Amino acid sequence: GQFSRITGTSVDGDYVLTVPDNPNVEITANVEALTIENLRVPNVVEEGKWRFGTGGAKYTFNVEAGEIRVRNANTLTNTQ
């Protein structure tokens with residue numbers, strides 16, 4: 001689905017975000033880096049904040065022990 005805002009907290013787990021090829025999303029999180037799969041590298045706005053495209057949707061995560069992976073939705077349809 002398309003969401004304008006997502007907020008999540010994880011004590012011991014990962015988040016996997018599947019986004020379109022050219023997303024317009026701003027991600028704020030307490031991690032050092034995002035894991036990016038088959039997407040352009042986002043702009044670093046400031047420490048803990050990344051912007052894909054023009055921003056727009058706001059995704060905020062608090063992760064104590066885990067990672068945030070952002071992957072291209074096209075990779076799901078290209079694999080069997």
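Since the structure is predicted, the reported quantities are computational estimates derived from the model, not experimental observations.
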Show which side-chain atoms of residues 28-41 pair as donor or acceptor with protein atoms under 3.5 Å away, not counting sequence neighbours.
from: Asn30; atom 1: OD1; to: Val63; atom 2: N; distance (Å): 2.7
from: Asn30; atom 1: ND2; to: Asn62; atom 2: OD1; distance (Å): 2.9
from: Asn30; atom 1: ND2; to: Val63; atom 2: O; distance (Å): 3.3
from: Thr35; atom 1: OG1; to: Glu67; atom 2: OE1; distance (Å): 3.0
from: Glu37; atom 1: OE2; to: Arg69; atom 2: NH1; distance (Å): 2.7

Inset, instruction - Flag the pair Tyr15 / Ser10 as yes when at least one side-chain heavy-atom distance between them is below 4.5 Å, and no otherwise. - result: yes

Legend entry - Over all atoms of both residues, closest heavy-atom pair of Asn72 and Asn74: OD1-N, 2.7 Å

Using atom types as modelled, flag every donor-acceptor pair under 3.5 Å from a side chain in residues 44-56 to any protein atom, sequence neighbours excluded.
from: Arg51; atom 1: NE; to: Glu26; atom 2: OE1; distance (Å): 3.0
from: Arg51; atom 1: NH2; to: Glu26; atom 2: OE1; distance (Å): 2.6
from: Thr54; atom 1: OG1; to: Asn24; atom 2: OD1; distance (Å): 3.2

Which distance, rounded to the nearest 0.5 Å, do you find between the [atom1] of [X] and the [atom2] of [Y]?
X     : Y     : atom1 : atom2 : answer
Ile68 : Ile27 : CD1   : CD1   : 7.0 Å
Leu76 : Thr18 : CG    : OG1   : 5.0 Å
Phe3  : Tyr59 : CZ    : OH    : 7.5 Å

